[in-house]
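Everything quoted here is computed from the prediction, not taken from an experiment.
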Amino acid sequence: MMNKSAEPAVRARGLSVVRGGRTVLDDLDFEIPRGTVTGLLGPSGCGKSTLMRAVAGTQAKVTGTVEVLGRPAGTAPLRSLVGYVTQDPSVYNDLSARQNLDYYAAVLDPAASRADRREQVGRALAEVDLTDHADQLAGSLSGGQLSRVSLAVALLGAPELLVLDEPTVGLDPVLRRDLWNLFHRLAVERDTALLVSSHVMDEAERCQRLLLMRAGRILADDTPDALRARTKSDTVENAFLRLVDAEKEKEAAL
């Protein structure tokens with residue numbers, strides 16, 4: 001029998017999304033391994049958020065197939081196995097950070113005891129460094145702190161896939177470093193698959209694999225080292241720029 005870790009967490013074939021007559025995602029094929037931090041990088045408007053919604057199962061008008069943990073994306077059994085963090089915080093401003101997490105913990109596992117929920121909530125708050133602000137109303141938190149509450153919600157339970165849409169935007173360098181350390185720890189210690197989007201190319205160097213996007217298409221799916229070697233570049237940013245230039249030359253020749 002195949003080891004679970006050998007099976008990809010996500011497998012997409014022919015993934016396309018057309019919205020308002022515009023092709024947002026164009027016939028994408030890719031896989032996201034378990035136990036790996038995969039970066040989804042590209043300029044704003046290239047389709048990153050749409051791809052992440054398709055993986056999380058919240059995107060309408062998807063054609064092709066997207067399998068998540070061996071099941072069609074968005075199906076009921078995946079609700080407790082996939083953590084999804086959008087760019088906009090999804091918390092209740094009139095509840096404290098702790099109350100928000102306790103509410104979502106009860107929704108995810110109604111059978112859990114109060115003591116189990118308390119332990120889950122405390123662990124998630126500590127992982128995103130919010131213990132000192134746990135009892136502060138969400139509406140009084142900074143933008144970066146609100147984003148961390150949303151991330152803590154996604155960490156409740158034991159998600160096997162985390163889909164994080166630009167989770168480090170607006171965070172200071174120390175917290176960004178700590179969150180990336182957390183992402184890698186989750187991948188190693190829990191075999192969690194992480195898909196992390198960013199438009200900041202220096203974050204590409206923190207990923208084990210990369211999906212580089214431009215205009216709804218995937219330009220590359222490889223490790224940072226392999227991309228730099230293939231394009232004879234010293235950084236992932238330069239590798240991306242060379243891939244974009246090569247793509248433009250192909251388009252001009254058509």
Side-chain angles (χ1 to χ4, degrees), residues 2 6-34 36-75 77-78 81-82 84-87 160-166 193-201 203-204 207-224 226-231 233 236-254:
M2 183 180 289
E7 301 172 351
V10 179
R11 179 185 286 115
R13 295 290 181 266
L15 170 60
S16 297
V17 173
V18 177
R19 189 166 56 229
R22 183 174 75 88
T23 300
V24 183
L25 299 180
D26 188 6
D27 196 29
L28 307 185
D29 294 341
F30 63 89
E31 294 183 356
I32 297 170
R34 292 176 184 262
T36 301
V37 180
T38 298
L40 177 62
L41 288 105
S44 297
C46 72
K48 298 189 302 294
S49 293
T50 302
L51 185 153
M52 300 189 103
R53 286 195 297 269
V55 169
T58 62
Q59 176 61 49
K61 298 182 180 178
V62 173
T63 58
T65 61
V66 186
E67 288 187 356
V68 175
L69 305 173
R71 302 177 176 93
T75 50
L78 294 173
L81 301 177
V82 177
Y84 175 39
V85 179
T86 64
Q87 290 184 33
E160 295 181 27
L161 170 67
L162 284 172
V163 181
L164 310 177
D165 197 350
E166 302 204 356
L194 294 96
L195 178 62
V196 185
S197 76
S198 178
H199 63 273
V200 181
M201 283 294 166
E203 295 201 326
C207 301
Q208 293 157 294
R209 290 197 66 83
L210 294 170
L211 296 174
L212 300 185
M213 286 191 71
R214 172 181 175 264
R217 299 175 63 191
I218 291 177
L219 294 184
D221 176 2
D222 217 329
T223 66
L227 281 170
R228 286 191 293 266
R230 189 173 113 201
T231 58
S233 304
V236 170
E237 181 172 5
N238 286 337
F240 178 75
L241 292 173
R242 290 187 179 183
L243 290 168
V244 168
D245 289 342
E247 190 75 5
K248 286 180 178 178
E249 287 177 9
K250 275 199 245 177
E251 291 169 358
L254 293 178

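With a 4.5 Å cut-off on side-chain heavy atoms, R214 and K248 count as touching. In this structure, V236 and L210 have side chains that are in contact, with non-hydrogen atoms separated by less than 4.5 Å. Looking only at side-chain heavy atoms (C-beta outward), V55 and L161 come within less than 4.5 Å of each other. Between L243 and L227, the closest side-chain pair of non-hydrogen atoms falls below 4.5 Å. Taking the side chain as every heavy atom from C-beta outward, D27 and L15 never approach each other to under 4.5 Å. V82 places none of its side-chain heavy atoms less than 4.5 Å from the side chain of E160.
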Is there a salt bridge (charged side-chain N to carboxylate O under 4.0 Å, His left out) between D165 and K48? Walk through the geometry before answering. CA-CA 8 Å; D165 197 350; K48 298 189 302 294; over 6 Å; no
Please determine whether salt bridge (charged side-chain N to carboxylate O under 4.0 Å, His left out) holds for the pair R242 and E237, giving the CA-CA distance in whole Å, both sets of side-chain angles, and the decisive distance to 0.1 Å. CA-CA 9 Å; R242 290 187 179 183; E237 181 172 5; over 6 Å; no
Test side chain to side chain contact (heavy atoms under 4.5 Å, CB included) on N238 and T231 and set out the steps. CA-CA 8 Å; N238 286 337; T231 58; over 6 Å; no
Kindly determine whether R217 and E247 satisfy salt bridge (charged side-chain N to carboxylate O under 4.0 Å, His left out), including the steps that lead there. CA-CA 11 Å; R217 299 175 63 191; E247 190 75 5; 2.9 Å; yes
Dump the intermediate steps for side chain to side chain donor-acceptor pair (under 3.5 Å) on Q208 and T38, then the final yes or no. CA-CA 6 Å; Q208 293 157 294; T38 298; over 6 Å; no
Could you walk me through whether K61 and Q59 satisfy the side chain to side chain contact (heavy atoms under 4.5 Å, CB included) test, starting with their C-alpha distance in whole Å, then the side-chain angles of each, then the deciding distance to 0.1 Å, before giving a yes or no? CA-CA 7 Å; K61 298 182 180 178; Q59 176 61 49; 5.6 Å; no
Residue pair M201, L41: steps toward the side chain to side chain contact (heavy atoms under 4.5 Å, CB included) verdict: CA-CA 7 Å; M201 283 294 166; L41 288 105; 4.1 Å; yes
Verdict with supporting geometry, R230 and D222, side chain to side chain contact (heavy atoms under 4.5 Å, CB included): CA-CA 10 Å; R230 189 173 113 201; D222 217 329; 4.2 Å; yes
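For the pair A204 and P224, the tightest heavy-atom approach, listed with the atom from each and the gap, is O-CG, 3.8 Å. Closest of all the heavy-atom pairs between A54 and A73 is O-CB, 3.5 Å. Nearest heavy atoms, S49 versus Q87: OG-NE2, 3.1 Å. Among all heavy-atom pairs drawn from P43 and F240, the shortest one is CD-CZ, 3.8 Å. Closest approach of Y84 and R53 over heavy atoms only: OH-CG, 3.1 Å. Smallest separation of non-hydrogen atoms from P33 and A193: O-CB, 3.3 Å.
The main-chain N or O of D26 is never found under 3.5 Å from a side-chain atom of S16 such that the two would form a donor-acceptor pair. R34 contributes a side-chain N or O that, together with a main-chain N or O of E7, makes up a donor-acceptor pair within less than 3.5 Å. In this structure, S198 contributes its side chain and V200 its backbone to a donor-acceptor pair below 3.5 Å.
With L164 as the fixed residue, the side chain to side chain contact (heavy atoms under 4.5 Å, CB included) test singles out one of L195, T86, V85: V85. In summary, of the residues considered (I218, L28, L219), a side chain to side chain contact (heavy atoms under 4.5 Å, CB included) with L211 occurs for I218 alone.
Once rounded to the nearest 0.5 Å, the distance linking CG of L78 with CG of L69 reads 6.0 Å. To the nearest 0.5 Å, atom OG1 of residue T75 and atom CG of residue L81 are 9.5 Å apart. The OG1 atom of T223 lies 8.0 Å from the CZ atom of R228; values are rounded to the nearest 0.5 Å. Put simply, CD on E67 and CZ on R11 are 6.0 Å apart, with the number rounded to the nearest 0.5 Å. Within the model, atoms CG of L212 and CG of D221 stand 9.0 Å from one another, a figure rounded to the nearest 0.5 Å.
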